[in-house]
Amino acid sequence: MEKLWWQEEVVYQIYPKSFQDSNQDGIGDIKGITNRLDYLQNLGVTMLWICPIYRSPMDDNGYDVSDYRSLAPEFGRMEDLDELIQEAGKRKIRIMLDLVINHSSDEHEWFQKALEDPKSKYHDYYIFKDGKERPNNWRSIFGGSVWEKVPGREEYYYHTFGKKQPDLNWENEKLREELYDMVNWWLDKGIAGFRIDAITFIKKDLTWSDREADGVDGLSKCTKSSRTQPGIGVFLHELKENTFDRHRCVTVAEAPGVPYEDLDDFIGKDGYFDMIFDFRYADLDIASGSEWFKRIPWTVKELGEKIMASQMAMQKYGWAANFIENHDQPRATSKYLQEAQDNPDAVKMLGAMYFFLRGTPFIYQGQELGMVNFKRDSIGQFNDLSSIDQYNRSMEEGLSKEEALEIVNLRSRDNGRTPFPWNQERYGGFSQHTPWLMMGEEYPRINAADQVGREGSIYEFYKEMIAFRQEGPCRDTLIYGEIAPLASSENVIAYRRFTDTETIYCWFHFGKEAVKETLPQDHMQTVWSSQKEVYITENQLVLQPYQAILMRGK
Ligand code: NOJ
Ligand code: CA
């Protein structure tokens, strides 16, 4: 496979509202990010993905864009972004923005004009249907019908996500052209590329027919008729041809629902994107990304199998975007480690397990500190609209209030959105003003000031691990090498990374009792370990509780 610049990146994801407040209004902002570039450079990351910073009423914290070409005033001015791009560039850090083009905000000028005048060209930029009743029984991702009635008219508009996020009508050519112009305008500004939001939703089943209900609300999850639908490739190809192909940029698509056999179209040589996120292992504890109350038990073995299935499928056609956290997921410590979430050895092992997979690693803000979920004791303490919906839906489906709250605490998107803990002062050094969302309870214990420069801290571990991938003696194998699963005991996830000349065997032990693994070759050499001591007896490796080890063979 041809080597491509973005394969060597280590991406750090920033949720701007919660990273650093620079003007003491309780809301993180662009200047705040610029002020913290040294922290990011010291960690060793090479690219930032910044969640949406466009003008927005913030119903879904920026994933509801009301003007694609200007910034949310609470985040700053265009000069601030120019400065961030420049200052980051000086530190060899590139900037990737979020592109939200499945839907806009209902406060976008196009939607407002569409409402004002059904005969305006903007009316067809969205999906409207006439009628006294909602046109079908599809359920939106954030709850309730996908159809919202237009006040004062016998007409409905379509929204995959929240009511304030009407879907754009990709069937309209003029709309598509406007979007391509806007994408090119941003790329011309010098950003490195885009993370592309919810892009597998842009094509709908145009028969709009009802489906069999899958909940007591009589509705049916809209994904079946509005995600990865036949014909979507035409739009995705056109998007790429008219925008990304004209720049030396990188694209990472949020593309849930793509069957592995279709990956060639998405990330193959002429695929629509450079990489996509695969959510199959991130959502292994629930029935689907939007049904938190249908919980599923899982084992380490299953986690390993899901990860390897994903890696093998990605490798067959292209490149993966690897992650264990993002702004829609609970903290990886709490999800994957559970009672061991506070054990630094376990947190490090988990970090290494996904970091050395084949693909570009993504680190979500606070992951490098081992942040954990934040347990809230009433639904009123949540901001995230899907948490509130899942709470109500859980009760509708028969769960008690307490059970519903527990489910939401486990899965809420607010877990990862708490303000970043810079130090142990009031509001964790995030702001001097009450933050827009409550700080987690753990910041006096888990914070950056405590960890930066402290030997053995999780931050220093991430820093070392990044340097090892980027500049260590096995960098070529760890970045470009192939991957294959490696047989291992129950609580160990193992794989090997290899080139023609070198194989690196990797073991990640999720258990709390030492366990033995047979060494696959003689004369192997330890190249990296998450713990100081490595125990080898004859041809066996004795993995200590929560240890990660990389060994070199032929
Ligand atoms: C996926 C984003 O990651 C999420 O935060 C957002 O709510 C939805 N798409 C809708 O834009
Ligand atoms: Ca601010």
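Read the numbers this way: they start at 1 and go in the same order the structure lists the ligands and their atoms. Keep in mind that what you see is a predicted model, and the values were worked out from it rather than measured.
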Logged contact type for F201 with ligand 1, heavy-atom cut-off 4.0 Å, is neither

Quick test: of every protein heavy atom, which one is nearest to atom 5 (O) of ligand 1, and how far off is it to 0.1 Å? D328 OD1, 2.7 Å

Looking at atom 11 (O) of ligand 1, what's its closest protein heavy atom, distance included? D197 OD2, 2.7 Å

Would Q329 and N415 count as having a side-chain donor-acceptor pair, cut-off 3.5 Å? no

Between A282 and R411, what is the shortest heavy-atom contact and its length? O-NH2, 3.1 Å

Can S140 and K163 be counted as having a side-chain donor-acceptor contact under 3.5 angstrom? no

Should the pair F128 and Y126 be assigned to parallel (<30°), tilted (30 to 60°) or perpendicular (>60°) ring geometry? perpendicular

For Q24, look at atom CD and say whether over 12 heavy atoms of other residues, nucleotides or ligands are found less than 6.0 Å away. yes

Show, in sequence, the C-alpha distance, side-chain angles and deciding distance for Y63 and H327, and conclude whether the ring pair (Phe, Tyr, Trp, His ring centres under 6.0 Å) test is met. CA-CA 12 Å; Y63 285 96; H327 64 294; 5.2 Å; yes

I'd like to know whether Y272 forms a ring pair (Phe, Tyr, Trp, His ring centres under 6.0 Å) with F266, so could you lay out the CA-CA distance, the side-chain angles of the two residues, the decisive distance to 0.1 Å, and finally the verdict. CA-CA 5 Å; Y272 316 128; F266 280 79; 5.0 Å; yes

4.0 Å heavy-atom contact, Q329 with ligand 1: no

re atom 7 (O) of ligand 1, the protein heavy-atom contact at minimum distance is D60 OD2, 2.5 Å

Within the 4.5 Å heavy-atom criterion, are W110 and Y68 side-chain neighbours or not? yes

Atoms of the protein (N/O/S only) found under 3.0 Å from the Ca ion (ligand 2): D21 OD1, N23 OD1, D25 OD1, I27 O, D29 OD2

Using a 4.0 Å cut-off to any heavy atom of F142, which atoms of ligand 1 qualify? 7 (O)

Which ligand 1 atoms are under 4.0 Å away from a heavy-atom of H103? 10 (C), 11 (O)

Ligand 1 atoms nearer than 4.0 angstrom to some heavy atom of E254 are 1 (C), 3 (O), 9 (N)

Between P421 and E442, is any pair of side-chain heavy atoms under 4.5 Å apart? no

